[in-house]
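Working notes for the structure below.
Along the sequence shown, residues are numbered consecutively beginning with 1.
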Amino acid sequence: KTELYKSIAYTDMLTDIKNRNAFINEQYGSTVNKTTCCIVLDINKLKWVNDTLGHNYGDQLIRRSAKVIYDSFSDIGVCYRIGGDEFAVICQNSDESDVKNTIKKMKNLISAANSDSEPQISLSCGYAFGGNGINNFTDLFNAADKEMYADKKSRNYNYV
């Protein structure tokens, strides 16, 4: 029963990936160095989908986005749903080329997923590595989150 309760406590029920509790728990006892990367992703226009098409479509979009994120990043890191439309990936022992190649893979998976299903997946993404004054998970996450919002703004999605 303990394993079952632990699974329930650390798994997002909608997407079957790790949840915010697991994300927070991961930070304890883990070190941040120059090979530690945090990737933050946000679903664009989820509020519009919920308000226009309904919450069932919004849930579909969240599940489909989570699958793309997991299929893209699970080889290099651990994937989490940390909020309604926000996801994070923690990578240990990675470098920038790993992350860039995986983001490219994600974009290809998004295109494939969007070719035969609605609503369309659109993700804003930012990442940061440890080092250069970033030596804890809070700073690492904040740096990646800032990059994600810059990506969102560059695509004129702002905070929708």
Side-chain angles (χ1 to χ4, degrees), residues 1-46 58-114 121-155 157 159:
K1 280 187 172 179
T2 303
E3 286 303 313
L4 173 64
Y5 293 141
K6 189 174 180 181
S7 174
I8 291 169
Y10 293 120
T11 303
D12 179 69
M13 292 297 132
L14 182 62
T15 63
D16 266 348
I17 65 173
K18 293 188 177 202
N19 64 15
R20 186 177 192 88
N21 293 335
F23 179 73
I24 292 167
N25 193 51
E26 172 77 18
Q27 297 173 28
Y28 296 109
S30 295
T31 59
V32 172
N33 59 43
K34 65 181 181 175
T35 65
T36 307
C37 180
C38 180
I39 304 160
V40 176
L41 303 109
D42 189 84
I43 300 172
N44 297 316
K45 297 192 174 187
L46 177 63
D59 286 351
Q60 285 178 25
L61 180 58
I62 292 168
R63 280 192 295 274
R64 290 177 56 241
S65 297
K67 181 173 178 5
V68 164
I69 291 165
Y70 183 84
D71 290 349
S72 300
F73 292 101
S74 63
D75 287 343
I76 67 165
V78 181
C79 304
Y80 306 88
R81 180 177 176 214
I82 59 171
D85 62 351
E86 193 167 37
F87 296 82
V89 181
I90 299 293
C91 307
Q92 297 288 358
N93 304 313
S94 61
D95 62 32
E96 193 157 9
S97 75
D98 292 336
V99 173
K100 285 183 176 182
N101 288 334
T102 305
I103 290 170
K104 191 180 297 185
K105 176 182 176 181
M106 178 189 71
K107 289 178 180 179
N108 290 335
L109 289 174
I110 289 171
S111 293
N114 285 343
I121 298 169
S122 174
L123 298 170
S124 293
C125 178
Y127 65 90
F129 281 87
N132 296 324
I134 297 175
N135 57 11
N136 63 61
F137 271 101
T138 299
D139 292 344
L140 183 64
F141 176 82
N142 289 340
D145 199 45
K146 182 178 177 183
E147 292 300 315
M148 182 278 298
Y149 277 109
D151 181 42
K152 185 177 281 282
K153 188 174 182 180
S154 75
R155 302 180 210 206
Y157 285 122
Y159 299 99

Discussion item. A side-chain contact here means heavy atoms from C-beta on lying under 4.5 Å apart; do N19 and Y10 qualify?
Written reply: yes
Worksheet item: Between I39 and F87, is a side chain to side chain contact (heavy atoms under 4.5 Å, CB included) present by the stated rule, with each step listed?
Response: CA-CA 8 Å; I39 304 160; F87 296 82; over 6 Å; no
Discussion item. Could you check whether any side-chain heavy atom of I103 comes within less than 4.5 Å of a side-chain heavy atom of C125, counting everything from C-beta outward?
Written reply: yes
Worksheet item: Atom CD1 in I134, atom NZ in K34: separation rounded to 0.5 Å?
Response: 14.5 Å
Practice prompt. Evaluate the criterion side chain to side chain contact (heavy atoms under 4.5 Å, CB included) for residue pair V78 and V89; output intermediate values, then yes/no.
Written response: CA-CA 5 Å; V78 181; V89 181; 6.0 Å; no
Item to complete: Measure across A113 and I121 and return the closest heavy-atom pair with its distance rounded to 0.1 Å.
Response: CB-CD1, 3.9 Å
Worksheet item: At what distance, to the nearest 0.5 angstrom, does OG of S122 lie from CG of L46?
Response: 11.5 Å
Worksheet item: Going from SG on C38 to CD on E147, what distance comes out if it is rounded to the nearest 0.5 angstrom?
Response: 11.5 Å
Worksheet item: If we only count heavy atoms from C-beta on, is the T15 to I69 side-chain gap below 4.5 Å?
Response: no
Practice prompt. Could you grab the distance from atom CG of D42 to atom CG of L123, nearest 0.5 Å is fine?
Written response: 8.0 Å
Worksheet entry | Any F137 side-chain heavy atom under 4.5 Å of S30 side chain | yes
Practice prompt. Take D85 and L61 through the side chain to side chain contact (heavy atoms under 4.5 Å, CB included) test and state the conclusion after the steps.
Written response: CA-CA 9 Å; D85 62 351; L61 180 58; over 6 Å; no
Fill in: Student check: side-chain heavy atoms of N114 and R64 closer than 4.5 Å
yes
Discussion item. Do Y127 and K100 have side chains that approach each other closer than 4.5 Å (heavy atoms only, starting at C-beta)?
Written reply: yes
Item to complete: Search all heavy atoms of A66 against all heavy atoms of I17 and return the closest pair with its distance.
Response: CB-CD1, 4.4 Å
Fill in: Validation row: E86, D145 side chains within 4.5 angstrom (heavy atoms)
yes
Worksheet item: Who passes side chain to side chain donor-acceptor pair (under 3.5 Å) against N136, sequence neighbours left out?
Response: D139
Practice prompt. First locate atom NZ of K152, then atom CD1 of I43, and finally report the distance between them rounded to the nearest 0.5 Å.
Written response: 9.0 Å
Practice prompt. Mind checking the CG-CG spacing from N33 to L140? Nearest 0.5 Å is all I need.
Written response: 10.0 Å
Worksheet entry | Any side-chain heavy-atom pair of T36 and Q92 under 4.5 Å | yes
Discussion item. Could you check whether N44 and S124, counting side-chain N and O atoms only, form a donor-acceptor pair closer than 3.5 Å?
Written reply: yes
Discussion item. Exactly one of I76, D95, V99 should register a side-chain contact (heavy atoms from CB on, under 4.5 Å) with C37. Which one does?
Written reply: V99
Discussion item. Between D151 and G126 (side chain of the first, backbone of the second, donor and acceptor by atom type, cut-off under 3.5 Å), is there such a pair?
Written reply: no
Discussion item. Show every ring-ring contact (aromatic ring centres under 6.0 Å, His included) that has at least one partner inside residues 22-46, sequence neighbours left out.
Written reply: F23-Y80, F23-F141
Practice prompt. Using side chain to side chain contact (heavy atoms under 4.5 Å, CB included) as the criterion, list what pairs up with T11, not counting sequence neighbours.
Written response: S7, M13, D16
